[in-house]
Every structure is written in structure tokens, then in C-alpha cells.
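For reference, the structure discussed in these notes is given below.
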Amino acid sequence: MPASFPKYVTEVITGPLPDPPGVKLRKLGLTAKHPVVFVPAAVTGGLELWEGRKCAQGLFRKRLWGGTYGDVYKRPQCWVEHMSLDNETGCFVWTTLVSNLARIGYEEKTMFMAAYDWRLSFQNTQVRDQTLSRIKNNIELMVATSGGQKVVIIPHSTGALFFLHFMKWVEAPPPMGGGGGPYWCSKHIKAVVNIAAPFLGVPKAIPLFLSAESKDISLVRAIAPGFFENDIFQPQILQHVMRLSHSWDSTVSMIPRGGDTIWGGLDWSPEEGYSCDQKREMKNSTLVTNPARAKSAISLTRSANFGRIVSFGKDVAEAPSNDIDRIDFKGTVKGHRAENRTCRDLWTEYHGMGFEGIKAVADYKTYTAESIVELLHFVAPKMMTRSTAHFSYGIADNMDDPKYKHYKYWSNPLETTLPNAPEMEIFSFYGTGLLTERAYIYKLSPTAECHIPFQIDSSTNDEETCLKGGVYSVDGDGTVPVLSAGFMCAKAWHGKTKFNPSGIRTYLREYRHSPPTTLLEGRGTLSCAHVDIMRNFALIEDVIRIAAGASGEELGGNRVHSNIFKWSEKINLQL
């Protein structure tokens, strides 16, 4: 509701407005205690142009990301060329949380936005900008100037992966690490409150790399066939998206981690039996605070094979695995496609595959989490060779293996350990109740020189298996599936495990999505969508209570609406 709109008029229409969380908690006597550090994600960190080429005349200090683009989007090619920038700032999605913290006494010296260039690999933010050192110095200063009060870290989305990397970097010896010593985190951090964290990656990263698509683009194709294949739109949109996504090292941090052990194989998945009807049935369900009580309605309907993240054809996605005739693509000799000068600026790695290589990808029929990584090495070898020097997607067998001291493993929670900080607490706050991308039906698309050869088959639908527009969905926040956001705190970090050797206490706090009931509510204060959850009053209240000194137990412990405990138990992972 606009601030200029009279409050009494709003209340006549919508009823009495609740106090913002900061006002409510200030009335209860809560005050600022622990300094707070915000760690933004890709969509919550802005980028400004400080040095540009001739085509960028008039854009100095203009936002190229995280603002109202104005003239920027009118120059798409110029915009693509200038996504290597020098200055990053916070973005609007933090405003509600920051303003509510301010109501209980937080101010500039007790809040810090740990902004970083999210396009770079996490280690390269240190190499290029000394970002990790800057964050370390700021945290040390905040603790020193607040009478020794440890900080509360609040990462959002991929900011959680960035901060996992930071916690290993800060304690590791130089030159690879920050030299803070083995107890730096224990001395400086009270709690890490992860919001909408994709700890295990997200399946929706895969269509971004394969075809520069998402569920939304698939739905547009279903409504308006041929829209993105139009000669006007295709070069302007999808190829630019692919070129950008393949050039940003950090995007590969979103590839699903843990392989088939976590995400399932050809014949099983942790979410097996999930039905879209369950989402509606659970709206009025009671909270689950104990893993032993985590139950779900037994679905008597057909279940999707969610472990088959990419399938070429609906028949392949549904067929018994023994009936699928797969031809291995890895030994295929790629053909050659002559360069077309009209699309030189839109060059993608597909142009070096040839028709033989493209056909080989489709002939393999279906891909699980493990074979997806092999597929990406095949279709985008330059991107994967460059990026896998900084990221890894496996599961560690032996955490004492010296190789895990390398920074490429530090942001994968399945290949690194939490710090030795038994008094620290780790929270996973995330939304549920929104259909979230989990697997895809693909088909070959026209292979004109400037076109991407694969696309989601938007004509495939099956309500019984949560398939719409070529996309299978499960429970989540619309971006991150519950499995990715919740598994680490539900199982892999729960108690003393090889991933959590000091037994840091972990807590799950799920927030059930509730859309606004009227247009006057805007996006609403009960939304739990991936970004909108940053304005969720219940979440903000929980964050403020932690910052003001509350422990996880004082907050109420776990609060779970989904089947995360049941799904976690299906995962056979040695702890």
C-alpha cells in the first residue's frame, strides 16, 4: 500500500493492520544486542557501471542490475558486454528487514551489508576485490565495538553458499585462506540464519544452462507458440541469457549437489509419491516439531520419476528404466557447424557441437543428477572446465582427505565441515507450499545456426504427476525445493556428524505460503516465495528475536510444514 494512501482508508477495506514486527517486539521490550551482517544473493545485490565502452555513453553510475534499468534494456548487446563491473551495493528486498531491525535500536554501526560481485566464483571475489578480507575485518570491528557481542549472519539464497565458503576461508591458513585460525567462527559468530538457502543446488539451474529457459518461458511457449523462435525475439532474449549464464562462474554453484544419492536415480527419488493435491491438503495441517512425527498423506496416484531431471520425451520420463534404450553420448565425435556471421555476437558452445553431438544428447534419453554434470561437460566444456576449478558437486567419503582443504569444496556442504564452534547455531528458514521446479521434459528444437537446439516441451501436461508445460514440480518456495533448503539441517548437520563434527545446533523453520487476499495487500506479509519471503512478518520476527539474543530453543525449535524429515530419511547417506 503506498505510504500516501490514508491508513484509515486501508483499514476500512482490509481490516486493522498488524504492527510491523519491529514495533511489536519493541513494545515487548526487545532491543538491539548482536551486530547483524546481511549476505545478499544474486538478485539482491546491485551492480553499477563505473567504466564502460563507447556504446554505454550516458550510463555512468547507472544500475545494470538490481534497479529500474531505463535506457539500459534498450541496448541489450551493450548490456551484455558490460557485465564485468566494479561496484556492488545492496538491493531493495532487504528494506523491510532492515527497517524493522532499526525499530528495536539497530543502526549503521551495528548492521553491515556484505555485498560482493555475485557473478564471480566465491574465491575470486577475494582475488579481484579482497571481498572476503573486507568481510572478515568488518565482523571483527563490529564485535570489538559492541562490547564483544558476537554477530548474527543473515544470508539469503546463494548468499548462504557464499558464506559457507567464507567460514572455511576465514579459518584456513594463507595464501588460500584468511588466516583467522581454527576458532575464528566460534569467537565471532553467534548464529547463521540462512533464508531460502539452496544448499544442495536447484534443478532449475539445468534448463538455464541447456536452453536458457525456466518454467515461465515454457508457459509463454504454451500460450504463444513460436514467440521465442521469432527472429526478432530469439537473438534478443534466449541467446543473451545463455551467453551471460555461461560466463558467470557463480551460476554453476547452483547445479544440484550430491548426485543420485541425494536427488534420486532412474527409479526413485526422496519425494516419490508427492502429489500436487498434498499441497492443498496440508494448508490446514498442524506443525511438525519432531522428526519422528513427520508424516504425509499416502498418495494413491501415479508418481513422477523426479530423479530423471531431464528426459527427452514424456514417454521416456514415464517408462520403466529397463525399457529405455539409451546410447551413451560421452564418446560421440562432435561434428562441425560453420560459423554464421549474423549470429557471431550470440555465439554459444552449441555452435561447436555439430548435429552429431546434438543428436547424441537426445539419444541418451534421460539424465539424473550425476549424468547431468557429465552432460554439461559435454555441451559446455569451456564453462565447466573453468568453473569446476572453483566448485564441486559430490559427497565426501573421507573428510580427512587433504584434497578437501582446497577452496573448490568449501561451498558444498556435502564436501566440507562446519567450523569447530559448538556454541554457534545454524538456522534454515525457507518457504513451503509453492510448486517448485524439479524435473523437465525436453525435445529437439529447430537447429538454425542462431538457435538453441533443445527446449522444454511445453505441450506436455499431467496434473496427476505435477507436470505442467513440460515441468514437474514439488514442494518449495517457487525456486528452491524443500529438499535443497532443508536436508542439511534436518539430517546431515543434525547432531554430531562428519559434516558437523562439533555438534553445532541446527534448526528448521518453515513458513507456509499464503498469498494476499486482496490487491490492496500488494505482495502481502505472508508470502513465502523465494524473494518475497524477505518481507514475511513471521520470518522477520524470528530474525529479530535471534538478533536480540534468543536461542533456537527459545524460538520454539523446529517448525515444519513439509515432508522434509520423511524425505531426508529416504536418503542413504553415511553420517
Side-chain angles (χ1 to χ4, degrees), residues 155 157-158 160-161 163-164 192-205 253-265 268-274 288-292 294-296 306-307 309 368-370 392-396 399 409 411-418 425-434 436-439 474-477 479-500 503-511 530 552 557-575:
S157 189
T158 50
L161 304 179
F163 197 75
L164 273 180
V192 182
V193 185
N194 300 287
I195 301 174
F199 286 122
L200 303 179
V202 290
K204 73 181 299 180
S253 71
M254 303 299 289
I255 294 173
R257 293 179 163 92
D260 295 1
T261 299
I262 298 294
W263 295 94
W268 83 280
S269 69
E271 306 100 325
E272 185 177 0
Y274 175 79
V288 177
T289 57
N290 187 326
K295 297 180 180 179
S296 70
F306 295 119
I309 295 179
T368 62
E370 289 180 5
S392 182
Y393 313 103
I395 299 175
M399 299 302 301
Y409 301 103
S411 62
N412 180 359
L414 298 172
E415 293 185 294
T416 193
T417 57
L418 293 176
E425 294 182 320
I426 293 182
F427 297 84
S428 187
F429 290 3
Y430 56 90
T432 66
L434 287 167
T436 303
E437 297 176 45
R438 180 62 167 85
V474 293
D475 194 9
D477 67 3
T479 295
V480 181
V482 162
L483 187 67
S484 181
F487 174 75
M488 295 306 298
C489 284
K491 183 172 182 177
W493 285 338
H494 185 66
K496 283 191 176 184
T497 70
K498 70 178 183 182
F499 306 110
N500 182 15
I504 293 173
R505 293 181 300 279
T506 62
Y507 299 94
L508 287 169
R509 302 284 287 180
E510 294 185 346
Y511 303 84
H530 186 67
N558 293 325
R559 182 180 63 192
V560 175
H561 298 277
S562 74
N563 290 324
I564 183 59
F565 289 125
K566 177 182 177 181
W567 293 341
S568 296
E569 286 305 310
K570 292 183 180 181
I571 295 174
N572 184 19
L573 180 65
Q574 183 180 354
L575 300 177

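Values below: every heavy atom of this structure, side chains too, minus hydrogens, waters and symmetry copies. We count residues from 1, following the sequence as given. On a predicted model such as this, the values are computed, not experimentally measured, just so you know.
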Problem - Listed partners of Asn412 passing side-chain hydrogen bond (donor to acceptor under 3.5 Å, both in side chains), at least two apart - result: Glu415
Practice task
Applying ring-ring contact (aromatic ring centres under 6.0 Å, His included), name anything that partners Tyr409, two or more places apart in sequence or on another chain.
Solution key: Tyr404
Exercise for the section: Evaluate the side chain to side chain contact (heavy atoms under 4.5 Å, CB included) criterion for residues Ser568 and His494: first the C-alpha distance (whole Å), next the side-chain angles of each, then the deciding distance (0.1 Å), finally the verdict. Expected result: CA-CA 11 Å; Ser568 296; His494 185 66; over 6 Å; no
Handout entry: Set of side-chain hydrogen bond (donor to acceptor under 3.5 Å, both in side chains) partners for Thr417, sequence neighbours left out
Key = Lys168
Exercise for the section: Applying ring-ring contact (aromatic ring centres under 6.0 Å, His included), name anything that partners Tyr511, two or more places apart in sequence or on another chain. Expected result: Phe429
Practice task
List in chain and number order the residues that pass side chain to side chain contact (heavy atoms under 4.5 Å, CB included) with Ala196, two or more places apart in sequence or in another chain; answer none if no residue qualifies.
Solution key: His156, Asp477, His530
Exercise for the section: For the pair Tyr430 and Val480, evaluate side chain to side chain contact (heavy atoms under 4.5 Å, CB included) and give the outcome as yes or no after the intermediate values. Expected result: CA-CA 9 Å; Tyr430 56 90; Val480 181; over 6 Å; no
Practice task
Name all residues meeting the salt bridge (Lys or Arg N to Asp or Glu O under 4.0 Å) criterion together with Glu370; count only those two or more places apart in sequence or in a different chain, and write none if there are none.
Solution key: none
Problem - Intermediate values then yes/no, side chain to side chain contact (heavy atoms under 4.5 Å, CB included), Leu483 and Phe306 - result: CA-CA 12 Å; Leu483 187 67; Phe306 295 119; over 6 Å; no
Practice task
Begin from the C-alpha positions of Leu414 and Thr261 and carry the test side chain to side chain contact (heavy atoms under 4.5 Å, CB included) through to its verdict.
Solution key: CA-CA 11 Å; Leu414 298 172; Thr261 299; over 6 Å; no
Handout entry: Sequence-distant partners of Ala369, side chain to side chain contact (heavy atoms under 4.5 Å, CB included), two or more places apart
Key = Asp260, Trp263, Ile309
Fill in the blank from the handout: The side-chain hydrogen bond (donor to acceptor under 3.5 Å, both in side chains) partners of Thr432 (sequence neighbours excluded) come to Arg512
Exercise for the section: With sequence neighbours excluded, tell me which residues meet salt bridge (Lys or Arg N to Asp or Glu O under 4.0 Å) with Arg257. Expected result: none
Exercise for the section: Please identify each residue that fulfils side-chain hydrogen bond (donor to acceptor under 3.5 Å, both in side chains) with Tyr507, with sequence neighbours left out. Expected result: Glu553
